[in-house]
Amino acid sequence: MPMTTSDEATLKYDHLKQSSVIIGMSGGVDSSVASLLLKQQGFTVVGLSLVTHDRGMEAAADARAVCRRLGQELIVVDMRDSFQESIVHDFVDAWLAGLTPNPCVLCNPTVKFKTLIDTADRFGFRHIATGHYASVRRHPDSSRLALAKTDSGQKDQTYFLYRLQQEQLARIIFPLDGMSKPEVRRLAAEYGLEGEQGTALAEKPDSQDICFIPDQDYLGLLREEIVRRGLDDARKHLEPGPIVDVHGQIIGTHKGLLAYTIGQRKGFDVKTTERLFVIARHFSTNTLVVGPFEHVLKQTIQVKSVVYSGIGNFDEAQPVTARVRSSAQPAACRVFNNRDKSLTVRFDQPVASPAPGQSCVFYDRGLILAGGIITESAD
RNA sequence: UGGGGUGUCGCCAAGCGGUAAGGCACGGGACUUUGACUCCCGCACGCGUAGGUUCAAAUCCUGCCACCCCAG
């Protein structure tokens with residue numbers, strides 16, 4: 001009988017754990033190519049498709065086709081019910097509370113990455129992966145983990161991932177780190193990756209908009225949910241009311257306050273000669289206030305529910321940069337700590353329409369330091 | 001029914017005899033794993049109406065209509 005120490009056995013077992021990975025697969029080109037890259041690097045890859053809404057099954061079918069092609073397993077997790085109860089429910093509540101929620105930001109840590117890690121734990125795998133364009137680095141000073149923009153600098157999805165915790169970041173592999181979208185599409189074409197119907201994934205358009213809302217019609221979803229949940233008080237927020245300018249003059253009729261968010265420019269047929277933006281929604285009087293662009297510029301915002309990544313806390317008046325929406329360039333600002341753990345952020349130059357409910361994410365040279373939810377803004 | 005003024009795209013508005021600027025709104029694209037923003041493209045064979053002058057009129061002339069103002 002060969003002598004095997006328990007240490008050696010653990011070592012072999014560890015090797016298996018280290019070389020296996022659960023990857024989230026959406027059926028799109030990014031996660032498919034990410035999967036391909038992991039396989040090429042010698043990982044044992046198991047795919048995981050999350051079905052969060054009724055139309056998610058076709059996406060899972062495309063993921064299945066890719067897995068078949070790559071010779072890997074695919075697990076499909078149907079979590080429509082729990083997704084409805086958590087993310088969709090909160091999304092609706094936030095809108096009804098006058099906020100402008102960003103469901104993706106919450107879904108990533110609490111649903112998407114959580115399920116990936118839970119599944120990895122069940123398999124005894126150390127790593128999880130996704131097809132995001134992002135990377136995980138260590139902050140040079142704190143040695144904490146932080147998301148970072150990828151070197152390619154082309155596509156950057158870090159904003160949506162800022163709420164991932166240290167334990168989660170420690171287990172993530174982003175195979176697309178450093179790649180550009182065209183490179184990814186080229187690889188997909190080169191390896192002939194295709195979906196269930198034989199459509200080339202290289203040609204598949206990027207996913208966009210909120211995954212659980214068909215046709216970008218979030219208002220339609222709100223309407224349905226208000227009826228389904230019997231939220232009679234909220235019905236009035238779907239009814240037309242006056243649009244007033246900054247002087248209080250009625251200049252038109254809006255189509256329900258829930259159809260608008262701060263900074264919005266379109267969607268109100270109003271007699272005007274200049275560009276007007278939504279500067280406030282008054283739910284008590286069902287009034288929409290609009291005005292010229294300068295009224296939408298804000299220099300100070302309050303941020304709560306902060307998740308710290310690259311740093312454990314801010315120095316007083318620490319100069320950093322922050323983005324108030326995913327597509328914005330980070331803007332210079334200073335951060336002040338409040339007693340209740342919230343932050344006051346003062347931008348060097350005013351930023352356009354930061355909306356309560358949206359996220360403010362702090363960056364330092366491409367590294368995410370922290371991020372939180374905007375609660376209010378001031379001039 | 002005396003005098004004066006104005007009538008150009010849904011809204012505002014250039015044009016002042018040479019063959020309809022522009023802005024807002026709207027529609028369509030691009031961008032985008034949130035709401036938005038932004039960008040690009042489109043948008044009056046016709047200028048209250050009916051005639052007239054002219055090679056040529058939204059632009060000049062006349063009638064009519066509508067609205068506004070001032071007087072009664």
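Quick note on labels: first sequence line is chain A, next is B, and so on, each numbered from 1.
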Flag the pair A:D118 and A:R122 as a salt bridge only when some basic side-chain nitrogen lies within less than 4.0 angstrom of an acidic carboxylate oxygen.
no
Could you check which of B:rG23, B:rU34, B:rC24 has an atom nearest any side-chain atom of A:T273?
B:rG23
Please work out if A:G252 contacts a base, only the sugar-phosphate, or nothing of the nucleic acid, heavy-atom cut-off 4.0 Å.
nothing
Integer angstrom distance from the P of B:rG23 to that of B:rA13:
16 Å
Tell me what A:S326 touches on the nucleic acid: a base, only sugar-phosphate, or nothing, going by heavy atoms under 4.0 Å.
base
With rounding to the closest Å, how many angstrom separate the C1' atoms on B:rA14 and B:rU34?
42 Å
Charged N-O contact under 4.0 Å between A:D30 and A:K155:
no
Would one find a side-chain N or O of A:R275 under 4.0 angstrom from OP1 or OP2 of B:rC37?
no
When the nearest nucleotide of RNA chain B is assigned to A:G267 and to A:F293 on a heavy-atom basis, which residue is associated with the more 5' position?
A:G267
One thing to verify: whether A:E239 and A:K236 come together as a salt bridge, which I'm taking to mean a side-chain N less than 4.0 angstrom from a carboxylate O.
no
Can you check the distance between B:rG7 and B:rC60, where both ends of the measurement are the P atom (answer in whole Å)?
11 Å
Round to the nearest Å and state the distance from A:R325 atom CZ to B:rU32 atom P.
16 Å
Measure distances between side-chain N and O atoms of A:S327 and base N and O atoms of B:rA36, and say whether any donor-acceptor pair falls under 3.5 Å.
yes
Same-atom distance (C1') from B:rC31 to B:rC40, integer angstrom
11 Å
B:rC45 glycosidic torsion: syn (within 90° of 0) vs anti:
anti
Contact class for A:F277 (heavy atom, under 4.0 Å): base, sugar-phosphate, or nothing?
sugar-phosphate
Any strand: nucleotide that pairs with B:rC45 via Watson-Crick or wobble, under 3.5 Å:
none
Base, sugar-phosphate, or nothing for A:A355, non-hydrogen atoms under 4.0 angstrom?
base
Under a 3.5 Å cut-off for both contacts, is B:rG7 paired Watson-Crick or G-U wobble with anything, and if yes, with which nucleotide?
B:rC65
Nearest-angstrom distance, P atom, B:rU19 to B:rC26:
33 Å
Gap between atoms CD and P, on A:Q329 and B:rU32 respectively (whole Å):
14 Å
Between the side chains of A:R171 and A:E167, is the shortest nitrogen-to-carboxylate-oxygen separation below 4.0 Å, so that they form an ion pair?
no
Just how far, in rounded Å, is P of B:rU34 from CG of A:L161?
12 Å
When the C1' atoms of B:rA71 and B:rC12 are considered, how many whole Å apart are they?
31 Å
Any-strand Watson-Crick or G-U partner of B:rU53, both distances under 3.5 Å
none
Can you tell me the pairing partner of B:rU59 across any strand shown, Watson-Crick or G-U wobble, with both distances under 3.5 angstrom?
none
A:L74 and A:S49: which non-hydrogen atoms are nearest, and at how many Å?
CD1-OG, 3.8 Å
In whole angstroms, how far is the P atom of B:rA36 from the CG atom of A:D217?
10 Å
Please give, in whole Å, the distance from B:rU38 P to A:L297 CG?
12 Å
When rounded to whole Å, the CH2 to C1' distance for the pair A:W95 and B:rG35 reads 5 Å
Using Watson-Crick geometry (N1-N3 plus N6-O4 or O6-N4) or G-U wobble (N1-O2, O6-N3), each under 3.5 Å, B:rU38 is paired with B:rA30
Distance check, C1' atoms only: B:rC67 and B:rG48, in whole angstrom units.
11 Å
For A:E274 and A:P103, take the nucleotide of RNA chain B holding the closest heavy atom to each; which residue's nucleotide lies nearer the 5' end?
A:E274
With a non-hydrogen cut-off below 4.0 angstrom, is A:Q358 in contact with a base, only sugar-phosphate, or nothing?
base
Flag the pair A:D217 and A:R223 as a salt bridge only when some basic side-chain nitrogen lies within less than 4.0 angstrom of an acidic carboxylate oxygen.
no
May I ask you to say what A:F91 touches in the nucleic acid, namely base, sugar-phosphate or nothing, with a heavy-atom cut-off under 4.0 Å?
nothing
Using whole Å, report how far CD1 of A:I373 lies from C1' of B:rU34.
11 Å
A:I374 CD1 to B:rA36 C1', in whole Å, measures 12 Å
With rounding to the closest Å, how many angstrom separate the C1' atoms on B:rU6 and B:rU49?
15 Å
Just to verify, what does A:N102 make a side-chain contact (heavy atoms from CB on, under 4.5 Å) with, not counting sequence neighbours?
A:C104, A:V105, A:Y159, A:F160, A:Q358
